[in-house]
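Contents: one structure, followed by commentary.
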2 protein chains.
Amino acid sequence: MQYQEIAKMLSSRGIRPTQQRLAVYDYLLQHRTHPSADTIYGALIEQNPTFSRTTVYNSLHTLVQAALVKELTMDTEERHYDADIRPHGHFHCRQCGEIADIRLDGDLLQALRPAGYTVQEQEVYFSGLCPACGEATGK
Amino acid sequence: MQYQEIAKMLSSRGIRPTQQRLAVYDYLLQHRTHPSADTIYGALIEQNPTFSRTTVYNSLHTLVQAALVKELTMDTEERHYDADIRPHGHFHCRQCGEIADIRLDGDLLQALRPAGYTVQEQEVYFSGLCPACGEATGK
DNA sequence: ACTAACATTGTAATCATTACAAACTGGAAA
DNA sequence: TTTCCAGTTTGTAATGATTACAATGTTAGT
């Protein structure tokens, strides 16, 4: 996606498309690794030495509020973020630390939803060993 | 469950059944509210004024290690614990804060598991409004 | 009863996140 | 274009759950 398109997307949602917000959102769109706030900060400080950690947090909150970014629910120390807001699950490898997307059937996901509850967020989360690490460890 | 039975259960797993560990585990067995470490501490300090917060953390870690207690994966500030280790999901109400168990079909849960991965933990998590709060807010 | 391994306790440290206030910016109104 | 102001960014200080650590206490097996 072009920077200008991203800017328009933010504008259309009433979010002022500042350089910083664009940078954070663009980073998330380019890196589908579910980074933490600090990872994003580390990458962006390289390009703009005055970038502030607080701004990363602020931008993430704004993007999450606008439903453009999802804050993942995981048992890790830090929070992780995902620009892919389509329904899917996540797998956290305890060996290599990688967080992988898990494709999940839409009907199956729907079937999980508890009757009577108003579901605003849903997360299907796994942890263990990814295929590569499972192989290396002997499963 | 009787205190002695709990003690035997711990012993059989090589865990010394100390008063403190028994108290923490018993609290979790009696209170199916998915309490946080601090909630447990607040309850147990009443009965034993020398009870330490660190001991609650230590005991919980030990119980989790022994697979007697599950550490829940949620987007809350604190970690929550559950003595019910059978597979089921959780719903966190953003209004009243309650964490409810969500019964989930075993076959359905199994169907979610991604091929090729070694799954050690699995969590199906929802947040939103519980039936009571949804009704009050007008869904 | 002795002793060595294991547990508990209280305090201090850690670390991700938030609070806050001052400085800055960008777009609307004149 | 200039002015102005609401909204943003920034750096530092505070928060708060959890962990580290070291001293003290306890238990189980000999």
Side-chain angles (χ1 to χ4, degrees), chain A residues 3-4 7-8 10-27 34-66 69 71-81 92 97 99, chain B residues 3-4 6-8 10-27 34-42 44-66 68-69 71-81 97 99:
Chain A
Y3 239 64
Q4 270 197 326
K8 277 186 185 169
L10 295 187
S11 289
S12 72
R13 298 186 185 235
I15 299 169
R16 194 184 288 180
T18 64
Q19 286 301 313
Q20 290 85 344
R21 285 170 179 167
L22 288 172
V24 169
Y25 191 33
D26 188 52
Y27 184 89
H34 318 90
S36 66
D38 204 57
T39 299
I40 298 171
Y41 171 72
L44 298 187
I45 190 76
E46 299 285 327
Q47 286 145 44
N48 177 354
T50 72
F51 217 96
S52 163
R53 216 178 295 265
T54 300
T55 297
V56 176
Y57 282 108
N58 288 342
S59 299
L60 286 170
H61 292 162
T62 301
L63 292 166
V64 168
Q65 202 98 38
V69 167
E71 185 174 297
L72 303 185
T73 298
M74 308 186 41
D75 56 5
T76 50
E77 199 58 40
E78 311 152 318
R79 296 185 194 155
H80 294 263
Y81 296 87
H92 177 226
I99 300 166
Chain B
Y3 238 65
Q4 270 197 325
I6 303 177
K8 277 186 186 170
L10 295 186
S11 289
S12 73
R13 298 185 185 235
I15 299 169
R16 195 182 287 181
T18 63
Q19 286 301 313
Q20 290 86 342
R21 285 170 179 167
L22 288 172
V24 169
Y25 191 33
D26 188 52
Y27 183 89
H34 319 89
S36 66
D38 204 58
T39 299
I40 298 169
Y41 171 73
L44 298 186
I45 189 76
E46 299 284 325
Q47 286 145 45
N48 177 354
T50 72
F51 217 96
S52 162
R53 216 179 295 265
T54 300
T55 298
V56 176
Y57 282 108
N58 287 342
S59 299
L60 286 170
H61 292 163
T62 301
L63 293 166
V64 167
Q65 203 98 39
L68 291 170
V69 167
E71 185 174 298
L72 303 185
T73 298
M74 307 185 43
D75 56 5
T76 50
E77 199 58 39
E78 310 152 318
R79 296 184 194 156
H80 294 263
Y81 297 87
I99 300 166

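Predicted, not measured: the structure shown is a model, and the values here were computed from it. Letters A, B, ... mirror the listed sequences (proteins, then strands); counts begin at 1.
- For B/Asn48 and D/dT26, the CG to C1' distance is 14 Å, given to the nearest whole Å.
- Rounded to whole Å, the distance from CZ on A/Arg79 to P on C/dC15 is 17 Å.
- Here the side chain of A/Thr54 is nearest to one of C/dT17, D/dT19, D/dT10, namely D/dT10.
- Taking atom NE2 of residue A/His80 and atom P of nucleotide C/dA16, one finds them 10 Å apart after rounding to whole Å.
- Checking the phosphate oxygens (OP1, OP2) of C/dT25, no side-chain nitrogen or oxygen of A/Gln20 falls inside 4.0 Å.
- Atoms OH (B/Tyr25) and C1' (C/dA7) sit 20 Å apart, rounded to a whole Å.
- OP1 or OP2 of C/dT18 lies within a sub-4.0 Å distance of a side-chain N or O belonging to A/His61.
- Among the atoms of the strands shown, base atoms are found under 4.0 Å from some heavy atom of B/Asn58.
- In this structure, B/Thr50 reaches the C/dT9 phosphate: one of its side-chain N or O atoms is under 4.0 Å from OP1 or OP2.
- Checked by atom type, the side-chain pair B/Thr62/B/Ser59 shows no donor-acceptor distance below 3.5 Å.
- Annotation: side chain of B/Leu10 is in contact with side chain of B/Leu63 (closest heavy-atom distance under 4.5 Å).
- The distance from atom CD of B/Glu78 to atom C1' of D/dT18 is 11 Å, rounded to the nearest whole Å.
- Rounded to an integer number of Å, the gap from CG of B/Leu60 to P of C/dT8 is 12 Å.
- Listed pair A/Tyr57 / C/dT18 fails the phosphate criterion, with no side-chain N or O lying under 4.0 Å from OP1 or OP2.
- Between the CG atom in B/Leu72 and the NE2 atom in B/His34 there is a gap of 6.0 Å [rounded to 0.5 Å].
- Positionally, the nearest nucleotide of DNA chain C for B/Thr18 lies more toward the 5' end than for the other of B/Glu77 and B/Thr18.
- In this structure, B/Ser36 reaches neither bases nor backbone, as no heavy-atom distance under 4.0 Å exists between it and the strands shown.
- Closest to the side chain of A/Thr55, out of D/dT9, C/dT9, C/dT8, is D/dT9.
- In terms of position along DNA chain D, the nucleotide closest to A/Arg16 lies nearer the 5' end than the nucleotide closest to the other residue of the pair B/Pro17 and A/Arg16.
- The nearest heavy atom of DNA chain D to B/Ala37 and to A/Phe51 marks one nucleotide each, and the one closer to the 5' end goes with A/Phe51.
- Rounded to whole Å, the distance from CG on A/Asp38 to P on C/dC15 is 11 Å.
- Counting heavy atoms from C-beta on, the side chains of A/Thr55 and A/Val24 never come closer than 4.5 Å.
- At whole-Å resolution of the value, CD1 in B/Ile15 and P in C/dT8 are 11 Å apart.
- Contact annotation: the side chain of B/Ile99 never approaches that of B/Thr76 to less than 4.5 Å [non-hydrogen atoms, C-beta and beyond].
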